[in-house]
Amino acid sequence: MNRHVVRYYFTEGLRGIFLHAFSSFAAVGVITACLLIMGSFTLVSINIQSMVTELEQGSEISVKVDKSLSDAMARSLGSRISELDNVMKAEFYSNQQTFDDMVEKNGEMAMMGYTPDIYHHRYKVYLVDVQFAEETVEQLNALPGVAENGVTLERELLGTLLSIRQVVRLVSVALIAALLVVSLFIMQNTIKLATFERREEISIMRVVGATKGFIRRPFVVEGFILGSMAGLLAYIIQSFAYKRFDQAFEPIDVINTIPFAELWLPVLFTFILTGFLVGVFGSMMTIRKYLKA
Amino acid sequence: MTLRIDDGEFIFLVGPSGSGKSTIIKLLTSEIRPSEGKVMVNGYNINTIKPGAVPMLRRTLGVIFQDFRLIEKKNVFENVAFAMRAVGAAPREIKKRVPYVLDLVGLSHKARRRPHELSGGEQQRVAIARALINNPMVIIADEPTGNLDPARSLEIMTLLERINALGTTVLAVTHEKALVDRFAKRVIAIDGGRIVSDKQGGYFTSGPTARQ
């Protein structure tokens, strides 16, 4: 492609933006708003998911060791537990530690006459993904050396965490899909207006032998510029808003937000790419319909 | 209907409204495809032409309309240059060719004027310059004098005759009986989608000569 032809596409694309400045401004505004809503919701969703994951990783499965195993054998069971796919780590907790805890909790008098042998050696098992907790429980129960009915899983808490994660994921996906459609629609309308205002030029171009690609490309450039501008603008506003949000929640211990320093690159990339794709596809879809007619 | 137009001819296509003149133009420019028969234009078979080849066919044609179809926001130079840009011509070529063609149609001195600052005849000359700019093999003029007074009409038809003398084939669709007879060219009359007459010389008043 010749340099002057590329320059022509960009000149015409920019001319289109200024020719109907108000609708260009409106398109950038609405797409920015859509990206911001999508982005805010995604960031909230990412933060909730990160917090849920933290909680999940904190929740443990308690595995009692069969009392018939010697101390050494009980300690070696840990390596077999750790070999299971979904196990992140397995911490050994001896019956002596449990006994000491009980003494501390209930007082020496209450434990008088008892020895640590009344308790099992235990493992605190942390999972990679709680979604597969039931399968891991089955595998743990099947391990030789694990006491009968010795695996305890807090099903209720895990169920709640899983539900929260699923709801957040579903709502995010639905909202993002809906807002993408809205953005595409807005972009289509802007380009439709641009093609309508230039219908005479387009008809002359067709008469003199311009190819459809040549007619289409300035509009695609226009869509790409508008979409990318919206992406960049949305990123600037989003980064500012997120930092404010982060500062506001900093004093609350329960809420651990992900620092923006870890998020800025994917956020910037996603916003620009989404804006770019909405612009390019929106304009291509519109002009294709127009050129067919 | 069987019709053959050779290189370098000047043809008047006449006929009442609804006789099929516009359909012939649409067939020649491949806006529509023939439902039957065969149409060949400048080596392109309109029956089988691929969509990608239609722009190439149109580059061999220059079309002039009754309503001029100039872009109001562009000046004369830009209106003509626009047709060159649309086919991807380089700026250097445009700068060289546009003044030449504007000179040919006698509008060099009005290159910076906007269409609304020109008379109807001048606007049509801009349209002719635009049709000529890509050096077409055939000029198709659809009622080129329909919006002009007799003096301007004569001026436009004279210009088309000059262009024809330079080697470009001209097909002019018109209702102007006086012009057709004055220029004494080949006249094809159609009615109801059929050729009712194909004569050399005047058609409406003078004695026709049947074409072999």
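Order of the sequence lines fixes the chain letters, A, B, ..., with proteins taken first and strands second; residue numbering starts at 1 for each chain. Everything numeric here is computed off the predicted structure, so don't read it as measured data.
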| task | May I ask you to test the L70(B)-E200(A) pair for a side-chain heavy-atom distance under 4.5 Å? | result | no
| request: For chain A, find its close neighbours in residues 57-69 of chain B: heavy-atom separation under 4.5 Å, sorted by number, or none. | output: R58(B), R59(B), V63(B), F65(B), R69(B)
| Are there residues of residues 80-99 of chain B that reach to under 4.5 Å of chain A by heavy atoms, and which ones? | F82(B), A83(B), R85(B), A86(B), V87(B), G88(B), A89(B), A90(B), P91(B)
| query | Does CZ in R162(B) sit with more than 12 non-hydrogen atoms of other residues, nucleotides or ligands closer than 6.0 Å? | reply | no
| query | How about F281(A): does its CZ atom have over 12 heavy atoms from other parts shown lying under 6.0 Å from it? | reply | no
| said: Counting only heavy atoms not in R15(A) (residues, nucleotides, ligands), do more than 12 fall under 6.0 Å from its CZ? | reply: yes
| task | Compare every heavy atom of P55(B) with every heavy atom of G209(A), then report the nearest pair and how far apart it is. | result | O-CB, 3.3 Å
| Between E201(A) and K73(B), is a side chain to side chain contact (heavy atoms under 4.5 Å, CB included) present by the stated rule, with each step listed? | CA-CA 10 Å; E201(A) 290 179 35; K73(B) 283 169 289 190; 4.2 Å; yes
